[in-house]
> 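Structure provided below as structure tokens; questions to follow.
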Amino acid sequence: QVQLVESGGGSVQAGGSLRLSCTASGRIFSSYNMGWFRQAAGKEREFVAAIRWNGAITHYAASTEGRFTISRDDAKNTVYLQMNSLKPEDTAVYYCARHGRLRAAVLTDLRRAYDYWGQGTQVTVSS
């Protein structure tokens, strides 16, 4: 059984920064691609960023590229999302997720490719 626990959310003013963390328990963390998604009130859950199982490749949504950075520390079973230059439209519940395939070569922004999800952490950006 895999459990993902997010932390680090909160309230910030526009232009500020937050770092989200997602710690995994259970099966081998280092062999899976990891992703971050977010869901604003009344909207569909959308892709934010993903990182390959070996950390060699990252992929971002157009709306977050250049402002957000995804990284991982396999020794801590943790994936991070550093968010800079935050905007009010970044307000959402942020979820981390584990890809369903062991050592997948390709990063994907498709929700259905991820099989385990955390409970989410709220990020609120005020103008």
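FYI, the numbering just counts along the sequence from 1.
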> Side chain of Gln82, backbone of Thr69: donor and acceptor closer than 3.5 Å?
no
> Do the side chains of Arg111 and Glu46 get close enough for a salt bridge, i.e. N-O under 4.0 angstrom?
no
> What is the minimum heavy-atom distance between Asp90 and Ser85, and which atoms define it?
OD2-O, 4.4 Å
> Take atom CD of Gln119 as the centre, draw a 6.0 Å sphere, and report whether it contains more than 12 heavy atoms from other residues, nucleotides or ligands.
yes
> With the side chain counted from C-beta on, respond yes when Val123 and Leu20 share a heavy-atom pair under 4.5 Å apart, and no when they do not.
yes
> Hey, does the Lys NZ or Arg CZ of Arg45 hover above the aromatic six-ring of Phe37, less than 6.0 Å from the centre and inside 45° of the axis?
no
> Which heavy atom of Met34 sits nearest to which heavy atom of Ile70, and what is that distance?
O-CD1, 4.0 Å
> If I take atom OG from residue Ser17 and atom CG from residue Asn84, how far apart are they, to the nearest 0.5 angstrom?
3.5 Å
> Distance from Arg72 atom CZ to Ser30 atom OG, nearest 0.5 Å?
7.0 Å
> Do His59 and Asp109 make a side-chain contact, defined as non-hydrogen atoms from C-beta onward lying under 4.5 Å apart?
yes
> Looking at Trp53, Phe29, Tyr116, which one forms a side chain to side chain contact (heavy atoms under 4.5 Å, CB included) with Arg98?
Tyr116
> Check whether any side-chain heavy atom of Ile51 lies under 4.5 Å from a side-chain heavy atom of Leu107, and answer yes or no.
no
> Is the side chain of Thr121 donor-acceptor paired with the backbone N or O of Gly9 at a distance under 3.5 Å, no angle test?
yes
> Pairing donors with acceptors under 3.5 angstrom, does anything connect the side chains of Thr78 and Asp73?
no
> Can you tell if the side chain of Arg38 reaches within under 4.5 Å of the side chain of Thr64, non-hydrogen atoms only?
yes
> From Ser7 OG over to Arg19 CZ, what is the distance, rounded to the nearest 0.5 angstrom?
9.0 Å
> Same cluster for Leu4 and Tyr32 if Ile/Leu/Val/Met/Phe/Trp/Tyr side chains link at under 4.5 Å?
no
> Sequence neighbours left out, what passes side-chain hydrogen bond (donor to acceptor under 3.5 Å, both in side chains) with Arg101? Give chain and number order.
none
> Could you pull out the closest heavy-atom pair between Leu86 and Val12, with the gap in Å?
CD1-CG2, 3.6 Å
> Rounded to the nearest 0.5 Å, what's the gap from CG on Asn33 to CZ on Arg52? Could you check?
7.5 Å
> Is it true that a side-chain atom of Thr91 and a backbone atom of Pro88 form a donor plus acceptor pair closer than 3.5 Å?
yes
> Any idea which heavy atoms bring Thr108 and Phe47 closest together, and the distance?
O-CE1, 3.8 Å
> Can you run down the ring pair (Phe, Tyr, Trp, His ring centres under 6.0 Å) pairs that involve residues 60-101, sequence neighbours left out, and say none if there aren't any?
His99-Tyr114
> Search all heavy atoms of Ala49 against all heavy atoms of Leu81 and return the closest pair with its distance.
CB-CD1, 4.2 Å
> Is any side-chain N of the basic residue among Lys76 and Asp74 closer than 4.0 Å to the acidic one's carboxylate O?
no
> Within the supplied structure, the quantity of interest is the number of heavy atoms (other residues, nucleotides, ligands) at a distance under 6.0 Å from Ile28 CD1; does it exceed 12?
no
> Answer yes if Val48 and Val93 sit in the same cluster of Ile, Leu, Val, Met, Phe, Trp and Tyr residues linked by side chain heavy atoms under 4.5 Å apart, and no otherwise.
no
> In Å, rounded to the nearest 0.5 Å, how long is the span from CD of Glu6 to SG of Cys22?
5.0 Å
